[in-house]
Amino acid sequence: MVAESYTVAFEGVDARLVEVQCALSPGMPHFSLVGLPDKAVSEAKERIRAALNALSIALPSRRITVNLSPADLPKEGSHFDLPIALALLAAIEILPKDAVAGLVSLGELALDGALVPVTGALPAAIAAASAERTLVCPEASGPEAAWVGTIPVIAPTSLHATIQHLTGAKPIEVSQPGLVTDTGANLPDLREVKGQERAKRALEIAAAGRHHLLMVGSPGSGKSMLAARMPSILPVLSPREALETSTIHSLAGLIDEGGLSRRRPFRAPHHTASMAAIVGGGKGAKPGEISLAHNGVLFMDEFPEYSRNVLETLRQPIETGDVTVARANAHVRYPCRFLLVAAANPCKCGYLADAARACARVPACGEDYMGRISGPLMDRFDLRVDVPPVSFQDLELVEDGASSAEIAVRVAEARTRQAERYADLDEVTVNADASGRLLDEHARPDDEGRALLRKAAERVGLSARGYHRVLRVARTIADLAGHEQVARADIAEAISFRIPGKAG
Ligand SMILES: Nc1ncnc2c1ncn2[C@@H]1O[C@H](COP(=O)(O)OP(=O)(O)O)[C@@H](O)[C@H]1O
Ligand SMILES: [Mg+2]
């Protein structure tokens, strides 16, 4: 008597199909679970025994063997309870074998047989859809999984309800996708930030070309306020991006009531957060903040205060757009193509530039403080801007600056120009992704622009990387203005955003 069913094992953002086989054989009563299960999976036996007991179903007095195949794929998490229980119920002929054999399911069982929500329903549904199988998941995860759309999603509240559905005693209706949450209507607006025109311009360029941005300025000058308004000027996620980002949020259990968001994520981990929280890893090799910010904004306030380890580890994911996280038996990869917005005080006390308030160690304290950001990391910031204290005149202004909605229109137009330019290239959507070769092709400045670039390279000693970064930013500035060719003024503005904090 053998029965089978399906579930998934997570490998980064991918859910891989796992076959659950259950065999009953003569011998001393025993329940064994094989196929590389971790501790939470092994404990499934106890939860299943209790849940069946609550339904007055006794386990047969025979050997029960459950195999999770492929055996070499590590199985982590508590979502294996439901598929194992279903395969077992089919083996003891309480459920029809063919009904169970076609299912992909996931869910943790409480001791009374209730189904407890699990993370990862969305990637599980994607895997079920590519195998063209029905997905069964806990009730709360149904609206999230139903976003996949091409397969039926059944979301029962308990093992009992699942049995009643599969035997036809009490069918459950298929789940409907949750509502689109967060339309962006109540995002904070850039208009609320008085003055700081140069910083706002940097924000606009950063948003248009996905250039990493570093803001340096004394406390209270509005850096956090500016950063928090970044999502309000970014275009909404494309359907493909929304699915990518939501998949990561699903794995982290962050999707509320199954509603997916078209807004770009804004993640702001505190500088004391652990390496695992920021980069990913730890128990269950969960995605970290940098992956939760995928396709959105990662805001790192008080940038030099993060541990050196965290800062140096960031360099590689910033370049490649993905991160490899180690776990017990393997490595998993999560995407993390974020826009990094960092803010820093100019020195430890924060008042380097203000003679009246600065500490006695000026200017050495500033060098020490910014020196915590290594040269190669500093080099990742295409845009660096000083954010001076706001003057009283500015604070007294009635809101007169451009609103987020106006800036968002310009950003969206610039992004459309880039998308058209790079339409044939899968890996490149914005100027920040463009390689040196692409820049040579698309960002060749006019003669005056080239002359200026040459002069700047000699004066400030631009590295090759620095040279390409100037071109990249200049390309974005030209895109914002709707210019075909990069002109001198575009180059000049791009260079002006490279000086604070130095390097390259
Ligand atoms: N440019 C500005 N326009 C309006 N209010 C400002 C501005 N800059 C600072 N503020 C006020 O000061 C507070 C602190 O600003 P914040 O963004 O936290 O500064 P920072 O991050 O640079 O230390 C804000 O909550 C806001 O009330
Ligand atoms: Mg701040």
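What you see is a predicted model; the values in this text were computed from it and never measured. First listed ligand is number 1; within each ligand, the first listed atom is number 1.
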For [X], is at least one N or O under 3.5 Å away from an N or O on ligand 1?
{"X": "Val193", "value": "no"}
{"X": "Lys223", "value": "yes"}
{"X": "Gln196", "value": "no"}

- Query: Is Phe80 close to Leu106 at the side-chain level, that is, under 4.5 Å between some pair of heavy atoms?
  - Reply: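 Contact flag for Leu106/Phe80 side chains = no.
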- Item | Distance flag, aromatic centroids of Phe497 and Phe381, threshold under 6.0 Å | no
- Query: Is the His79-Phe10 ring centre distance short of 6.0 angstrom?
  - Reply: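 Ring centroids of His79 and Phe10 are less than 6.0 Å from each other.
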Check contact between [X] and ligand 1, using heavy atoms of the residue and a distance below 4.0 angstrom.
{"X": "Ser221", "result": "yes"}
{"X": "Gly220", "result": "yes"}
{"X": "Met215", "result": "no"}

Just checking, is any N or O donor in the side chain of [X] or [Y] under 3.5 Å from an acceptor N or O on the other one?
{"X": "Glu413", "Y": "Thr416", "value": "no"}
{"X": "Asp301", "Y": "Ser224", "value": "yes"}
{"X": "Glu144", "Y": "Ser250", "value": "yes"}
{"X": "Thr119", "Y": "Lys286", "value": "yes"}

- Item | Axial cation check for Tyr467 ring with Arg454, 6.0 Å and 45° limits | no
- Between Ser218, Gly222, Ser224, Ala227, flag the one that comes closest to atom 19 (O) of ligand 1 by a heavy atom.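 Comparing heavy atoms across Ser218, Gly222, Ser224, Ala227, the nearest one to atom 19 (O) of ligand 1 lies in Gly222.
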- Query: Between Arg415 (side chain) and Ala207 (backbone), is there a donor-acceptor pair under 3.5 Å?
  - Reply: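 Between the backbone of Ala207 and the side chain of Arg415 there is a qualifying donor-acceptor contact (under 3.5 Å).
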In ligand 1, which numbered atoms sit nearer than 4.0 Å to a non-hydrogen atom of [X]?
{"X": "Pro219", "result": "23 (O)"}
{"X": "Glu192", "result": "3 (N), 4 (C)"}
{"X": "Lys194", "result": "1 (N), 2 (C), 3 (N), 4 (C)"}

- Task: Specify whether an N/O/S atom of Ser224 falls short of 2.8 Å from the Mg ion (ligand 2).
- Result: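 Checking Ser224: at least one N, O or S atom is under 2.8 Å.
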- Message: Does the protein place a non-hydrogen atom closer than 4.0 angstrom to atom 5 (N) of ligand 1?
- Response: yes
- Can a protein heavy atom be found under 4.0 Å away from atom 27 (O) of ligand 1?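 When distances to the protein are checked, atom 27 (O) of ligand 1 has no heavy atom within 4.0 Å.
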- List the closest protein heavy-atom neighbour of atom 25 (O) of ligand 1: residue, atom name, distance to the nearest 0.1 Å.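 I find the closest protein heavy atom is Met225 SD, 4.6 Å.
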